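Contents: one structure, followed by commentary.
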Amino acid sequence: IDDHMQHVRASIFLGWRAELEDRLWDAISGSSEPGWDGYDAKQISSDAIITAYNLIPVLPQTTPLPDIVPTPEGEIVFEWDREEDYSFSVQTNSRSLIFAGLLGPGRKQSGQEPFSQQLPNSIAGVLAEYFTHV
């Protein structure tokens, strides 16, 4: 039974990651040319793409799947929305993550963290406290 549960958990885990990679691919493919938004948007930078792909494996699978959206500045944003006063976004940048969140009425948190192989504690903490499956 233990082996079976590990297999089920691994399948769910891989499915969650695969869905995120699919969402990222959709965001990238729709914004790969300059002016993709019909205006002056930059194409998504290779640094933003690499950072986004490196972010996926370190996101906790206990969080709901984020929306993944390109920005007109050529970056990629992972967005979580829970209810009216709860939203959180993490923007990929060259080797750093920029984050901002509304975490309840009148409560905001934002910052920038270097990123390499681990999810920064400031981001992991927000996701664990406010955006975890119940």
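In what follows, every heavy atom counts, from backbone to side chain, and hydrogens, waters and symmetry copies are set aside. Computed from a predicted structure; not experimentally measured. Positions are given from 1, in the same order as the sequence printed here.
- Between Phe131 and Thr62 the shortest side-chain heavy-atom distance does not fall below 4.5 Å.
- Side-chain contact between Pro72 and Asp40 is absent, with no heavy atoms from C-beta onward closer than 4.5 Å.
- Contact of the Ser122 side chain with the Phe99 side chain is registered, since non-hydrogen atoms from C-beta on lie closer than 4.5 Å.
- For the pair Val126 and Gln109, the minimum side-chain heavy-atom distance is below 4.5 Å.
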task = Assess whether salt bridge (charged side-chain N to carboxylate O under 4.0 Å, His left out) is satisfied between Arg17 and Glu21, documenting all intermediate values.
result = CA-CA 6 Å; Arg17 300 276 185 240; Glu21 288 180 359; over 6 Å; no

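- Inspection of the Gln43 and Ser32 side chains reveals no N or O donor paired with an N or O acceptor under 3.5 Å.
- For Leu20 against Pro66, the heavy-atom pair with the smallest separation is CD2-CD, 3.3 Å.
- In this structure, Leu127 and Thr132 have side chains that are not in contact, with every pair of non-hydrogen atoms separated by 4.5 Å or more.
- Grouping Ile, Leu, Val, Met, Phe, Trp and Tyr by side-chain contacts under 4.5 Å, direct or through others, puts Val77 with Val69.
- Both Ile49 and Trp25 sit in one connected hydrophobic cluster of ILVMFWY residues. Membership requires side-chain heavy atoms under 4.5 Å apart, directly or through other members.
- Counting all heavy atoms, side chain and backbone alike, Leu97 lies closest to Pro120 at CD1-CD, 3.9 Å.
- Applying the side-chain contact (heavy atoms from CB on, under 4.5 Å) test to Trp36 and every residue at least two apart in sequence or in another chain returns Ser31, Ala41, Pro70.
- For the pair Ile56 and Phe78, the minimum side-chain heavy-atom distance is below 4.5 Å.
- Nearest heavy atom pair, residue Ile28 against residue Tyr53, reads CD1-CE1, 3.8 Å.
- A distance-only check finds no donor-acceptor pair linking the side chain of Arg95 to the backbone of Ser116 [under 3.5 Å].
- Applying the side-chain hydrogen bond (donor to acceptor under 3.5 Å, both in side chains) rule to pairs touching residues 66-86 yields Thr71-Glu73, sequence neighbours excluded.
- Thr63 contributes no side-chain N or O that, together with a main-chain N or O of Ala128, makes up a donor-acceptor pair within less than 3.5 Å.
- Leu59 and Ile50 fall into different hydrophobic clusters, defined by Ile, Leu, Val, Met, Phe, Trp and Tyr side-chain heavy atoms under 4.5 Å apart, directly or through other members.
- The main-chain N or O of Ile76 is found under 3.5 Å from a side-chain atom of Thr92 such that the two form a donor-acceptor pair.
- The side chain to side chain contact (heavy atoms under 4.5 Å, CB included) test with Phe115 singles out one residue from Asn93, Val58, Ile98, Val90, and that residue is Val58.
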